[in-house]
Amino acid sequence: MPELPEVEITRRGLAAALSGQRIVRVVIRNASLRWPIPKQLAALLAGKTIREVRRRAKYLLLDCGDGALIVHLGMSGSLRILREGCAAAAHDHFDLILENGVMLRLRDPRRFGAVLWQDGDPLTHPLLAGLGPEPLSDQFSGAVLHKATRGRSASIKALLLDSRIVAGIGNIYANEALYAAAIRPSAPAGRLSRGRCERLVIALKQTLEAALAAGGSSLRDYVASDGEFGCFQLQYAVYGRANLPCPQCSSPVRALRIGQRSTFYCACCQR
DNA sequence: CGCCAGGCCTGCACGC
DNA sequence: TGCGTGCAGGCCTGGC
């Protein structure tokens, strides 16, 4: 569930609590996430100091100087800042306990998330090395999207979800941004004009910023690191709104599947 | 009960 | 041959 805005909200909460703190203990209750949590992680992390908390796409990077803990929340993961000793509940798989008594706890019912270690620069990890530009950075522009989509016959929505084109766009925000840009999700990416690429990139950035301002989207499992819920789901124009009226023209929102993912759009407003 | 869900990797068949 | 492409499947639990 957590998409880029939710991961960024989490990052901000973690940065305030974890930066500069030393790790004293690691608890692994269930190592079987998407990939197994390395069993030597407990020994490896003890004594390290978290320098800063970064994000690349939907990966959180706890930078320890000589390497980084890489955390992905998958579909149902959340990270909470708690006090050491707080009782673990179901699906609380992993804890980091810090010198000052603060505890970082990962909960992930579906276990599609990941906790990994990368020596040195975490951006060299195979999962991160091939990622495209960050959508909120200046590295991602209409010109960049236009160039990346030339010659591609796949739908624009499929390519927005391709992390090699742009990193960390999830299904909700792909749907919402295409609506905001008035572009049909099924449109062949290679035929989008330069102007429409510009408009889409602006819409994508605005959609992500609006979600950040609303504290992200809380659908089922997501909570911020302080336990707060996001409320951007109240602002969805099309996502999850099959047959409900389009906010602009009131015609019913259509639902279909593109690349195995639920897709929603207004056939009147999006061309 | 079956079906669906915010992610994302792997592998396959197919067509150019 | 080697891509790009669209699928299917896999990993899981929980909610409807």
Side-chain angles (χ1 to χ4, degrees), chain A residues 1-10 29-37 55-60 70-79 89-94 106-116 125-132 135 148-178 185-191 204 207-208 211-212 214-224 229-243 255-264:
Chain A
M1 102 177 243
E3 293 199 30
L4 189 143
E6 293 76 38
V7 177
E8 176 60 20
I9 300 278
T10 299
R29 281 183 212 81
N30 186 350
S32 58
L33 301 186
R34 169 116 200 234
W35 295 281
I37 301 177
R55 179 188 58 74
R56 179 77 171 102
K58 293 173 201 156
Y59 296 92
L60 287 165
I70 301 174
V71 180
H72 196 287
L73 300 176
M75 293 274 270
S76 60
S78 57
L79 285 164
H91 313 303
D92 288 342
H93 306 309
F94 178 84
L106 172 70
R107 175 176 298 178
D108 185 4
R110 292 179 68 181
R111 289 191 273 129
F112 287 180
V115 176
L116 303 164
H125 191 282
L127 291 168
L128 307 187
L131 293 171
T149 52
R150 290 315 88 185
R152 301 293 298 267
S153 63
S155 70
I156 183 60
K157 181 167 181 255
L159 293 195
L160 285 183
L161 293 173
D162 182 340
S163 63
R164 294 165 297 187
I165 304 279
V166 53
I169 302 301
N171 197 35
I172 293 174
Y173 297 104
N175 277 297
E176 292 297 311
L178 286 163
S186 57
R191 292 204 212 108
L204 204 37
T207 303
L208 294 172
L212 281 170
S217 300
S218 286
L219 294 188
R220 288 175 186 81
D221 309 286
Y222 174 75
V223 287
F229 296 95
C231 59
F232 189 69
Q233 67 276 11
L234 302 175
Q235 294 181 51
Y236 293 164
V238 288
Y239 181 80
R241 300 188 77 252
N243 301 315
L256 74 159
R257 293 188 82 79
I258 291 179
Q260 318 280 90
R261 311 300 300 279
S262 303
T263 301
F264 303 91

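Everything numeric here is computed off the predicted structure, so don't read it as measured data. Heavy atoms only: backbone and side chains are in, while hydrogens, waters and symmetry mates are out. By convention in this document, chain letters (A, B, ...) are assigned in the order of the sequence lines, proteins followed by strands, and residues within each chain are numbered from 1.
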- Note on the structure: A/Lys157 NZ to C/dG6 P, in whole Å, measures 12 Å
- Message: Between C/dT1 and B/dT10, how many Å separate the two P atoms, rounded to a whole number?
- Response: 23 Å
- Using a 4.0 Å heavy-atom cut-off across all strands, classify A/Arg34 as base, sugar-phosphate, or nothing. base
- Contact class for A/Ser153 vs. all strands (heavy atom < 4.0 Å): base, sugar-phosphate, or nothing? sugar-phosphate
- Tell me which nucleotide among B/dC9, C/dG6, B/dG7 gets nearest to the side chain of A/Ala154. C/dG6
- Message: Rounded to whole Å, how long is the line connecting atom CE of A/Met75 with atom P of C/dC11?
- Response: 15 Å
- Message: So A/Tyr236, base contact, sugar-phosphate only, or nothing? Heavy-atom distance under 4.0 Å.
- Response: nothing
- Query: If you take atom types as modelled and just measure distance, does the side chain of A/Arg111 reach the base of C/dC12 with a donor-acceptor pair under 3.5 Å?
  - Reply: no
- For B/dA5 and C/dC7, measure between their P atoms and round to the nearest Å. 15 Å
- May I have the distance from A/Leu219 (atom CG) to B/dG7 (atom C1'), rounded to whole angstrom? 14 Å
- Message: Whole angstroms only, please: what is the CZ-P distance between A/Arg110 and B/dC8?
- Response: 13 Å
- Quick one: on DNA chain C, does A/Leu159 or A/Gln260 contact a more 5' nucleotide (nearest heavy atom)? A/Leu159
- Of the non-hydrogen atoms in A/Pro36 and A/Leu116, which two are nearest, and what is the gap between them? O-CD2, 4.4 Å
- Item | Interatomic spacing from CG in A/Leu219 to CE in A/Met75 - rounded to 0.5 Å | 10.5 Å
- Query: If pairing requires Watson-Crick or G-U wobble contacts with both distances under 3.5 Å, which nucleotide is the partner of C/dC12?
  - Reply: none
- A/Phe112-C/dC12 aromatic stacking (under 5.5 Å, under 30°): no
- Note on the structure: Exactly one candidate in A/Asn30, A/Val115, A/Leu106 meets side chain to side chain contact (heavy atoms under 4.5 Å, CB included) with A/Ile37; the answer is A/Val115
- Does a side-chain N or O from A/His72 land closer than 4.0 Å to OP1 or OP2 of B/dC8, or not? yes
- Item | Nucleotide B/dC8, atom C1' - distance to CG of A/Leu128 in whole Å | 13 Å
- When we call it a touch if two heavy atoms are under 4.0 Å apart, what does A/Ile258 touch: a base, just sugar-phosphate, or nothing? nothing
- Message: If I compare all heavy atoms of A/Gln233 with all of A/Ser217, which pair ends up nearest, and what's the gap?
- Response: OE1-CA, 3.3 Å
- Note on the structure: Picking from C/dG4, C/dC7, B/dG7, the nucleotide nearest the side-chain atoms of A/Arg261 would be B/dG7
- Figure out the CD1/C1' separation between A/Ile169 and B/dG7, and round it to whole Å. 13 Å
- Pick the nucleotide of DNA chain C nearest each of A/Arg164 and A/Arg257; which residue has the one closer to the 5' end? A/Arg164
- Message: Suppose we call two aromatic rings close when their centres sit under 6.0 Å apart. Are A/Tyr239 and A/Phe232 close by that rule?
- Response: no
- Query: Which nucleotide in the set B/dA5, C/dG4, B/dG7 lies at the smallest distance from any side-chain heavy atom of A/Ser262?
  - Reply: B/dA5
- Task: Round to a whole Å and report the spacing from CG of A/Leu33 to P of B/dC8.
- Result: 15 Å
- Within this structure, what is the CG-to-P distance between A/Asn175 and B/dG7, rounded to whole angstrom? 10 Å
- Considering only side-chain heavy atoms of A/Tyr239, which listed nucleotide, C/dC7, B/dA5, B/dG7, is closest? B/dA5
- Side-chain N or O of A/His91 closer than 4.0 Å to phosphate OP1/OP2 of C/dG14: yes
- Message: To check you understand the geometry: which heavy-atom pair defines the closest contact between A/Arg107 and A/Asp92, and what is its length?
- Response: NE-OD1, 2.7 Å
